Peer 1: 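Have a look at the structure that comes next, please.
Sequence positions, counted from 1, serve as the residue numbers for this chain. Indexing begins at 1, ligand by ligand and atom by atom, following the structure's order. Only a predicted model underlies this, so the values are computations on that prediction, with no experimental measurement involved.
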Amino acid sequence: MSTATLLLKGKEYELPVMEGSEGETAIDITSLRAKTGAVTFDPGYGNTGSCASAITFIDGEKGILRYRGYPIEELAKSATFVEVCYLLIHGNMPSIPELDAFNEKLTRHSLIHEDMKKFFEGFPPSAHPMAILSAMIASLSAYYPENDNELNIIRLLSKAKTIAAFSYKKSIGQPFIYPRNDLSYTQNFMHMMFAVPAEGYKVTAAIDRALNLLLILHADHEQNCSTSTVRMVGSSGANLFASISAGICALWGPLHGGANQQVIEMLQQIRESGQSAKTFVERAKQKDSGFKLMGFGHRVYKNFDPRATILKRAADDVLSALGKRDPLLQTATELEQIALSDPYFIERKLYPNVDFYSGILYRAMGIPTNMFTVMFALGRLPGWIAQWKEMVDDDKTRINRPRQVYVGSKVRELSEVDEALALTIA
Ligand code: ACO
């Protein structure tokens with residue numbers, strides 16, 4: 001085993017070096033504090049490997065993303081979302097009997113407890129669907145005990161789409177539409193979203209394929225903010241539903257999954273303002289403007305985000321298959337071209353990320369803007385589950401508990417405050 005030598009205050013320490021299966025190098029510092037008394041300082045964890053994981057591989061320089069070894073491009077072309085769920089959670093693509101059994105279980109567990117329907121009544125019509133989703137997912141733990149994780153994984157995967165669709169129906173004042181056992185996972189979601197009692201809703205092949213594509217592209221992304229949150233919460237022994245609910249809250253932020261909603265709002269703002277896309281690019285370069293190009297930049301990808309490349313290509317195809325035109329696609333393309341030839345974005349290696357084009361596709365499918373991050377959450381669910389399961393099954397897992405570098409006051413006497421107060425009163 002190779003080691004790294006640390007020279008600290010004139011003393012040398014040997015630290016083990018780990019190598020990942022794709023040649024990634026990591027200095028194992030688990031013994032650092034015990035040996036040296038020092039901790040590492042890495043705000044935002046940009047250099048910290050928080051776990052060893054066999055689920056997803058990313059090479060941010062080369063724009064590579066693989067789930068369990070399979071390139072995202074191949075999965076996006078040939079797999080269904082349910083197959084990818086199975087792959088991420090179980091480690092291999094399912095055989096036909098395994099897939100049938102998995103689908104059957106997902107179908108059987110798609111209803112939510114009737115009492116849970118009352119929860120929706122408590123939310124104001126203006127409630128953001130991510131607030132409803134996180135609350136409802138945490139509430140599942142009140143109905144399903146912790147002792148059967150395998151079944152709870154199925155329940156969570158299956159019921160999340162029902163909850164998401166019900167929250168939309170509630171927001172537009174329409175009755176809930178129950179899942180149908182003859183429909184697939186993705187068809188069922190669209191059916192529950194858009195059918196009305198008087199008439200059904202036909203999920204076209206183009207919409208079904210587009211939804212599968214979007215969910216597959218979102219399905220996992222190794223130790224991102226929401227996944228690390230799921231692992232962080234789960235490391236305390238919190239149950240599956242509580243851990244995933246925390247991940248949903250982390251995803252909601254505009255710097256993470258919430259960016260997809262913000263991208264469309266930004267594109268609309270550009271069109272409505274009558275100003276050029278270039279004006280907005282210039283504004284994004286001014287640090288004090290408080291404006292960023294949403295859907296641009298990534299902590300890991302420094303060349304291109306392969307998910308954005310796939311989605312950009314798909315946007316034209318999906319729009320024409322659905323017989324739709326969206327002026328926002330033109331604005332997005334124009335904005336991308338200007339930013340990609342601007343030295344500010346080139347020097348900082350800022351490229352469109354997955355959220356830049358996903359909203360255009362969701363819009364074409366009829367999904368309202370405030371549901372975009374819910375769609376991301378539905379897609380990311382198998383990744384969160386797989387990562388949670390990997391953590392729970394790993395006997396080396398410890399409660400996640402980072403250290404800090406304290407920079408506050410040194411010890412002070414409370415009596416000094418009393419004296420100051422006494423003076424003020426006098
Ligand atoms: N617009 C303008 N400038 C940007 C942008 C942007 N979208 N993104 C990064 N920068 C600038 C930063 O200001 C910084 O400039 P500096 O070096 O002069 O200080 C430099 O580029 C590096 O950016 P950081 O913020 O340090 O990068 P970090 O890795 O911390 O953040 C993040 C990554 C959060 C994605 C960031 O690029 C961002 O805020 N993008 C917009 C929001 C977004 O699209 N989020 C979705 C990400 S994908 C996902 O989570 C699914």
Peer 1: What protein heavy atom is closest to atom 41 (C) of ligand 1, reported as residue, atom name and distance in Å?
Peer 2: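 For atom 41 (C) of ligand 1, the nearest protein heavy atom is Phe296 O, 3.3 Å.
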Peer 1: Using 4.0 Å as the upper bound for N to carboxylate O, is an ion pair formed by Glu104 and Arg108?
Peer 2: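 Looking at Glu104 together with Arg108, the answer is yes, because their closest N to O distance falls below 4.0 Å.
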Peer 1: Among all protein heavy atoms, pick the one closest to atom 5 (C) of ligand 1 and tell me residue, atom and distance.
Peer 2: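 The answer is Leu350 CD1, 3.9 Å.
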Peer 1: If you count the atoms of ligand 1 from 1 in the order shown, which ones are under 4.0 Å from a heavy atom of Phe376?
Peer 2: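 Going through ligand 1 atom by atom, the ones under 4.0 Å from Phe376 are 51 (C).
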Peer 1: Heavy atom under 4.0 Å from ligand 1: found in Phe356's side chain, backbone, both, or neither?
Peer 2: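 Contact part for Phe356 vs ligand 1: neither.
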Peer 1: Before accepting this row, confirm whether a basic side-chain N of the pair Lys170/Glu121 lies closer than 4.0 Å to the acidic partner's carboxylate O.
Peer 2: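 Looking at Glu121 together with Lys170, the answer is no, because their closest N to O distance does not fall below 4.0 Å.
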Peer 1: Answer yes or no: are there more than 12 heavy-atom neighbours, outside Lys35 itself, under 6.0 Å from its atom NZ?
Peer 2: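 Count over threshold, so yes.
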Peer 1: Relative to atom 48 (S) of ligand 1, which among Gln286, His298, His221 owns the nearest non-hydrogen atom?
Peer 2: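 Shortest heavy-atom distance from atom 48 (S) of ligand 1: His298.
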Peer 1: Suppose I only count heavy atoms of Gly295 and a 4.0 Å limit; which atoms of ligand 1 are within that range?
Peer 2: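 What qualifies from ligand 1 is 43 (C), 44 (O).
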Peer 1: Considering only heavy atoms of Arg299, which atoms of ligand 1 have at least one such atom less than 4.0 Å away?
Peer 2: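 Those of ligand 1 that fall under 4.0 Å from Arg299 are 28 (P), 29 (O), 30 (O), 33 (C).
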Peer 1: What protein heavy atom is closest to atom 7 (N) of ligand 1, reported as residue, atom name and distance in Å?
Peer 2: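 Going atom by atom, the protein heavy atom closest to atom 7 (N) of ligand 1 ends up being Leu293 O, 2.7 Å.
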Peer 1: At under 4.0 Å between heavy atoms, is it the side chain or the backbone of Leu255 that contacts ligand 1, or both, or neither?
Peer 2: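 The answer is both.
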Peer 1: What do you think, any protein heavy atom under 4.0 angstrom from atom 31 (O) of ligand 1?
Peer 2: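 Answer no: nothing from the protein, no heavy atom, is under 4.0 Å.
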Peer 1: Establish, yes or no, whether the cationic atom of Arg380 lies under 6.0 Å from the six-membered ring centre of Phe376 and within 45° of the ring axis.
Peer 2: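 Verdict for Phe376: no cation-pi partner in Arg380.
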Peer 1: Under a heavy-atom criterion of less than 4.0 Å, does Lys285 contact ligand 1?
Peer 2: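 Contact absent.
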Peer 1: Within a radius of less than 6.0 Å around CZ of Arg313, do more than 12 heavy atoms belonging to other residues, nucleotides or ligands occur?
Peer 2: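 Count not over threshold, so no.
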Peer 1: I'd like to check which ligand 1 atoms, numbered from 1 as shown, lie under 4.0 Å from a non-hydrogen atom of Ala259.
Peer 2: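 Selected atoms, number and element: 43 (C), 44 (O), 45 (N), 46 (C).
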Peer 1: Quick one: which ligand 1 atoms are inside 4.0 Å of a heavy atom on Tyr344?
Peer 2: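 Under 4.0 Å from Tyr344, ligand 1 has these atoms: 2 (C), 3 (N), 4 (C), 11 (C), 13 (O).
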